[in-house]
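This report refers to the structure that appears directly beneath it.
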Amino acid sequence: MPDAWWKTAVVYQIYPRSFQDSNGDGIGDLEGIRSRLDYLVWLGVDAIWISPFYPSPMHDFGYDVADYCDVDPIFGSLAAFDRLAADAHGRGIKIILDLVPNHTSSSHAWFMESRGSRDNPRRGWYIWRDPGPNGGPPNNWISNFGGPAWTFDDATGQYYYHAYLPTQPDLNWRNPQVREAMHEVMRFWLKRGVDGFRVDVIWHLMKDELLRDNPPNPAWTPKDPAIERLLPVYSADQPEVHDVIAGLRRVLDEFDARVLIGEIYLPLERLAAYYGKDLAGAHLPFNFQLLEVRWSAKAIARLAETYEASIPEGGWPNWVLSNHDRPRIAARVGAAQARIAIMLLLTLRGTPTLYYGDEIGLSEVEVPPERIRDPWALREPDIGVGRDPARSPMQWDAGAFAGFSTHEPWLPLTDDWLTRNVETMRVAPGSVLRLFRTLLWFRRSRSSLRSGDWRLLSAEDDILAYERADSRERTIVALNFAAAPRQWRHPDDLRDGLIALSTQGDRGSDPIGPILNLRADEGVVIAAA
Ligand code: TEU
Ligand code: CA
């Protein structure tokens, strides 16, 4: 039985606003993505996950959906989506959409009806409550984007709940009509050939029905990861959430070979539950640990061992380095260690998700205060510029606006865009883009990397070494997390191995002695029989 495609695939996240503009408005769109499919084939990715492109007032850039079954004109049309899907499938690239079931936009027809009156049939589709005893919000829950998670609606004299912006009211997933309506949304896209969904904030879907106050978290400060703020709010980790996820999975399973990826910012010991009872939950509960881990050989060794041990029998791991909500890997660990990170991501066991732009080493753009667009930063200035620096336009060439658009892009380019772009780096020996592509194609050629076992070899002296093996071959990876040379004594029986590639370009075919000398910030992959 061949492995499910999503187990051996490499997923590539596209933030549609920032990938390629096709109509000169400075904002990326679906036609722009379609025009770059040949690049994605060249790079060697197997699936694209596209962040939301549905009709939206764009208060949270599409994560505030006003119509789940259409395309916002700024991104194109359903016909443009169908063309993109057909061309992607024609090139062997799968399409994964971003489903945002936790909340709608306050401009969604469902919410407009729900707020119409207390006895509207859709009143129970959202979470409405009378004011608390002191006339204020029903409890002390706070929004992920600052301020109370409750907004008062004068017309009907009640508060409604929102985990994010006041214009992102949470749906009430205890209501079977809400579940059925969202199942129909999934079927709409699955019938259009979509290969799966990344489900936004899937662990938030069920709230504590009694809306009990949460113990105030005095230790929390705005600089903490937002998730620390939310954990008390969802600390009940409602058991019913797994019924809801199993319901989403049943819809998916009405169609062949689809994947359900769950966005879940939870510690590893709680993440495993989202594979579901008898693996009937998410195929890939997103593992965000590399976004937060202390960047060292020992910490990552411990993380990988803990994660491997936490996955239920038959479950499949996944790893990610960056996304549209967090500073990019190159900004977190620097350019040299970002190469180590890429080799780590593409040689650990499980499905890797790449974030667009990481392959050209995009880091943080300077976003002047007047150009900040992230609603979270606009509501909570003390968190700084927010998420915009990780959402800057893709840089394609050294032409105007880096080939992203013929118009000033919606966010600035990086200062070094003249050299940090696909066309320039595609032919530059030793560029991070060429490393990325070589690793992707090497991974594709090695069954041990696509689906072999993982075994830690060592994590001493700043070197993380591990082995991937199956019945046919072994691949050894040795990563130097130090900015200084290090030596590594590998297992003696590696004498027949050869260094397949290094993060620092050609190492020649020097035979491997009993000691491997690694340069500062260097990682190597060794192909052994
Ligand atoms: O993010 C969920 C989530 O927890 C993040 O909001 C994260 O905690 C926050 O961005 C602070 O880092 C999803 C989407 O990825 C995010 O872009 C949306 O803003 C959010 O949900 C609401 O839909
Ligand atoms: Ca456009």
Side-chain angles (χ1 to χ4, degrees), residues 4 6-7 49 68 96-104 124-127 141 144 149 161 163-164 170-187 189-190 196-212 214 227 230-255 257-289 306-320 350-351 353:
W6 45 268
K7 287 188 174 179
W49 149 34
Y68 286 99
I96 298 168
L97 297 194
D98 205 318
L99 184 68
V100 188
N102 180 66
H103 47 270
T104 67
W125 283 44
Y126 293 84
I127 300 171
W141 293 4
N144 197 358
Y161 173 70
Y164 292 92
D170 280 48
L171 282 164
N172 170 18
W173 273 85
R174 294 183 187 281
N175 184 329
Q177 294 171 345
V178 168
R179 301 185 191 192
E180 192 40 46
M182 204 54 74
H183 293 172
E184 280 309 297
V185 167
M186 293 173 71
R187 292 187 184 101
W189 291 107
L190 288 164
F197 297 100
R198 171 267 191 191
V199 182
D200 191 60
V201 300
I202 199 168
W203 87 102
H204 283 202
L205 292 181
M206 294 300 262
K207 287 71 179 172
D208 173 352
E209 189 160 28
L210 300 178
L211 301 186
R212 280 167 287 232
N214 276 288
I227 188 57
L230 275 187
L231 273 185
V233 171
Y234 297 93
S235 56
D237 214 353
Q238 307 297 313
E240 303 94 317
V241 76
H242 299 295
D243 300 336
V244 160
I245 296 171
L248 303 180
R249 173 69 185 276
R250 280 194 294 275
V251 175
L252 205 84
D253 289 347
E254 293 168 13
F255 300 78
R258 290 346 198 243
V259 70
L260 187 62
I261 303 172
E263 185 205 26
I264 301 160
Y265 280 97
L266 284 176
L268 282 181
E269 61 275 11
R270 296 170 61 179
L271 182 71
Y274 287 79
Y275 285 95
K277 187 170 173 303
D278 304 329
L279 299 181
H283 294 106
L284 298 174
F286 246 148
N287 162 21
F288 290 117
Q289 299 298 315
T306 308
Y307 182 48
E308 285 281 350
S310 74
I311 295 171
E313 182 65 35
W316 190 252
N318 70 90
W319 297 90
V320 65
T351 302
T353 295

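By convention here, the first residue in the shown sequence is residue 1.
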Check: [Y] and [X] side chains under 4.5 Å, non-hydrogen atoms:
X      : Y      : result
His283 : Leu252 : yes
Lys207 : Asp170 : yes
Trp203 : Pro285 : no
Lys277 : His242 : no
Ile261 : Trp49  : no
Ile245 : Val199 : no
Trp141 : Asp208 : yes
Asn287 : Val320 : no

Within this structure, what is the [atom1]-[atom2] distance for the pair [X] and [Y], rounded to the nearest 0.5 Å?
X      : Y      : atom1 : atom2 : value
Asn102 : Trp173 : CG    : CH2   : 9.0 Å
Leu205 : Glu240 : CG    : CD    : 11.5 Å
Leu266 : Ile202 : CG    : CD1   : 11.5 Å
Thr353 : Phe286 : OG1   : CZ    : 4.0 Å
Tyr274 : Ile264 : OH    : CD1   : 6.0 Å

Below 30° counts as parallel, above 60° as perpendicular, anything between as tilted: where do the rings of Tyr164 and His103 land?
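Taking His103 first and then Tyr164, their aromatic rings sit tilted (interplane angle of 30° to 60°).
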side-chain hydrogen bond (donor to acceptor under 3.5 Å, both in side chains) partners of [X], counting only residues at least two apart:
X      : result
Arg179 : none
Tyr126 : Thr104
Glu263 : Arg198

Write down the atom of [X], the atom of [Y], and the distance for their closest heavy-atom approach.
X      : Y      : answer
Ile311 : Pro317 : CD1-CB, 3.5 Å
Arg249 : Gly281 : NH1-O, 2.8 Å
Gly262 : Ala282 : N-CB, 4.2 Å
Ala163 : His204 : CB-ND1, 4.1 Å
Gln238 : Arg174 : OE1-NH2, 3.3 Å

Sequence neighbours excluded, which residues qualify as salt bridge (charged side-chain N to carboxylate O under 4.0 Å, His left out) partners of Arg250?
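Arg250 satisfies salt bridge (charged side-chain N to carboxylate O under 4.0 Å, His left out) with no residue once adjacent residues are dropped.
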Could you tell me which residues satisfy salt bridge (charged side-chain N to carboxylate O under 4.0 Å, His left out) with Arg258, sequence neighbours excluded, listed by chain and number?
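Once residues adjacent in sequence are excluded, Arg258 has no partner under the salt bridge (charged side-chain N to carboxylate O under 4.0 Å, His left out) criterion.
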Apply the test side-chain contact (heavy atoms from CB on, under 4.5 Å) to residues Met182 and Leu99: give CA-CA distance (whole Å), side-chain angles for both, the deciding distance (0.1 Å), then the verdict.
CA-CA 9 Å; Met182 204 54 74; Leu99 184 68; 4.3 Å; yes
Can you check whether Tyr68's main-chain N or O pairs, donor with acceptor, with Trp189's side chain at less than 3.5 Å?
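A pair under 3.5 Å: yes.
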Do side-chain atoms of Tyr307 reach the backbone of Asn318 as a donor and acceptor pair under 3.5 angstrom?
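Yes; at least one donor-acceptor contact below 3.5 Å.
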side-chain contact (heavy atoms from CB on, under 4.5 Å) partners for Asn175, two or more places apart:
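By the side-chain contact (heavy atoms from CB on, under 4.5 Å) rule, Asn175 matches Trp125, Asn172, Gln177, Val178.
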Sole residue of Trp6, Trp316, Trp319 in side chain to side chain donor-acceptor pair (under 3.5 Å) with Thr351
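So, applying the side chain to side chain donor-acceptor pair (under 3.5 Å) to Thr351 and each of Trp6, Trp316, Trp319, only Trp316 qualifies.
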